[in-house]
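First up is the structure itself, then whatever we jot down about it.
Values below: all heavy atoms of this structure, side chains included; hydrogens, waters and symmetry mates excluded.
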Amino acid sequence: MYELLFRTVLRRLDPERAHHLAVAVIRAIPALGLTGLVRRFTRPDPALAVETLGLRFESPFGMAAGFDKDARSIRGLWALGFGHIEIGTVTAIAQEGNPKPRLFRLVDDRAVINRMGFNNGGAAAAAERVARQRRHRARPIIGANIGKSRVVAVEDAVADYRASARLLAPVADYLAINVSSPNTPGLRGLQDDALLGPLIAAVLEEAGSTPVLVKIAPDLDDAAIDAVCALALRHGLAGIIATNTTIGREGLTTDPAVVEAAGAGGLSGAPLRARALDVLRRVRAAVPDDFCVIAVGGIDTAADAAERLAAGATLVQGYTAFLYRGPLWARQITRGLARASRR
């Protein structure tokens, strides 16, 4: 049913407009008092629960940052079966992001190119919404992904991240430091050891007891991945999220003219699967077994999620396939994982 709707209607809509329509439907679930009813259909098998970061995740599968930038869809996404929701990327200063159009589908590749540019209403507004969600007795784990405000110079990034962490750490279950989006000028340079160390130290100071992770790019070479892992362990981070979107365009089946017309931005979806898996394996080999590693990138099916878990992921996140699979996607993933665990 959803595939027919996508082929005949949704793919004809501007991608960002289609996203806003989907968000409206998701937000309507709790607004209409339907959360409990939908959850009875989507609730993950209790056997899938994962203990990590000092928290209990009801399943290993969650929604990656990027979908719910302003913490407006947390309860609706939880109703659809996601075990945790990572909001953001949130910046200390509210910003509109990059000029439109800035979101492009590559349907033949089940992929997306985006250059959204951290469009969000700012950390203070997001923190208020997350605090309201925490009042619910039953709720998902809520992570907050924080990034650099566009108007802030790279040399002032530490103070900018510190401001976001100060606001969000008291209300989020964990923080994720985003230094790997390709859509904010200078941001990926913060993955360099000399710049990342002080940034991590500042966020950890503000976070207190809230776990802090760092999200890395799939485009790092092996030496850089090893360096980030060593830095994370040295500073006492709680985990690494591997990976963000890629600036690469290799192996696509979409007409090259269509890809070129989309322009710059981060590629996500099925084409990222192999590289994201390679980075996951590299990270897992460099960190202790009990160190949290969240796998992201190219997750489409339950088999993809199971492959990441088998490769050492503690948790798995997805986003892009949600656009192609529809509202039952999280249920499909968790049902498939539960069946696999019983074999």
Side-chain angles (χ1 to χ4, degrees), residues 1-23 61-67 69 82 89 97-98 100-117 180-183 188 215-220 241-281 294-308 311 313 316-330 332-333 336:
M1 178 68 77
Y2 179 81
E3 288 188 8
L4 177 63
L5 177 65
F6 180 83
R7 287 198 310 269
T8 58
V9 179
L10 295 180
R11 68 178 294 174
R12 301 176 187 276
L13 296 177
D14 170 77
E16 192 164 348
R17 184 184 177 202
H19 172 79
H20 290 310
L21 288 173
V23 167
F61 188 62
M63 173 59 79
F67 185 91
K69 295 179 182 295
F82 292 93
T89 295
N98 290 321
K100 299 178 182 178
R102 54 194 180 181
L103 185 64
F104 309 87
R105 302 185 195 93
L106 306 184
V107 178
D108 291 344
D109 288 292
R110 299 181 68 81
V112 164
I113 292 174
N114 95 82
R115 52 173 175 271
M116 301 300 290
S180 50
S181 170
N183 300 318
R188 285 192 166 193
K215 188 168 187 175
I216 64 173
D219 307 309
L220 294 177
I241 304 174
T243 64
N244 212 316
T245 59
T246 180
I247 58 174
R249 299 290 188 265
E250 297 81 13
L252 298 177
T253 59
T254 299
D255 184 339
V258 173
V259 177
E260 184 177 356
L267 174 72
S268 62
L272 190 53
R273 175 178 169 269
R275 178 56 187 163
L277 181 59
D278 287 344
V279 175
L280 165 65
R281 288 174 171 152
I294 303 180
V296 198
I299 306 293
D300 192 333
T301 66
D304 295 329
E307 181 180 46
R308 303 302 172 88
V316 178
Q317 294 177 345
Y319 170 7
T320 301
F322 191 38
L323 312 180
Y324 293 102
R325 293 280 183 181
L328 297 182
W329 181 49
Q332 293 163 359
I333 295 284

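Judged as a side-chain hydrogen bond (donor to acceptor under 3.5 Å, both in side chains), the pairs with a partner in residues 2-17 (not counting sequence neighbours) are, in order, Glu16-Arg102.
Nearest heavy-atom pair, Leu280 versus Ala295, reported as atom, atom and distance to 0.1 Å: CD2-CB, 4.0 Å. Across Gly265 and Asn183, no two heavy atoms sit closer than the pair CA-OD1, 3.4 Å. When every heavy atom of Gly248 is checked against every heavy atom of Leu267, the shortest pair comes out as O-CD2, 3.5 Å. Heavy atoms only, all atoms of each residue included: Pro182 and Thr245 are closest at CD-OG1, 3.4 Å. Considering all non-hydrogen atoms of both residues, Ser268 and Thr320 come closest at OG-OG1, 2.6 Å. Residues Tyr324 and Val112 come closest through the heavy atom pair OH-CG2, 4.4 Å.
Put simply, the side chain of Arg308 never gets that close to the backbone of Ala313: no donor and acceptor are under 3.5 Å apart. The backbone N or O of Tyr319 sits nowhere less than 3.5 Å from a side-chain atom of Trp329 that would complete a donor-acceptor pair. Using modelled atom types, one side-chain atom of Arg115 and one backbone atom of Ala262 make a donor-acceptor pair closer than 3.5 Å. Panel note: side chain Arg110, backbone Asp108; no donor-acceptor pair is recorded below 3.5 Å. Asp109 contributes no side-chain N or O that, together with a main-chain N or O of Pro271, makes up a donor-acceptor pair within less than 3.5 Å. Side-chain N or O atoms of Arg188 include one that pairs as donor or acceptor with a backbone N or O of Ser180 at under 3.5 Å. Side-chain atoms of Asn114 never come within 3.5 Å of backbone atoms of Leu103 as a donor-acceptor pair (strictly under, hydrogens ignored).
In this structure, the side chains of Pro218 and Leu272 come closer than 4.5 Å at one or more pairs of heavy atoms. Within the 4.5 Å cutoff, no side-chain heavy atoms of Arg275 are placed close to those of Glu250. With contacts defined as side-chain heavy-atom distances shorter than 4.5 Å, the pair Thr301/Arg325 qualifies. You'll find the side chain of Arg249 reaches within 4.5 Å of the side chain of Ile113, heavy atoms only. Put simply, the side chain of Ile241 reaches to within 4.5 Å of the side chain of Val296, judged on heavy atoms.
Atom-to-atom distance recorded for Asp300:CG and Gln332:CD is 9.5 Å, nearest 0.5 angstrom.
Between Phe82 and Phe67, the ring centre distance reaches or exceeds 6.0 Å.
Screening Thr243, Thr246, Asn244 against Asp219 for a side-chain contact (heavy atoms from CB on, under 4.5 Å) leaves a single residue, Thr246.
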Between Arg273 and Glu307, is a salt bridge (Lys or Arg N to Asp or Glu O under 4.0 Å) present by the stated rule, with each step listed?
CA-CA 10 Å; Arg273 175 178 169 269; Glu307 181 180 46; 2.9 Å; yes
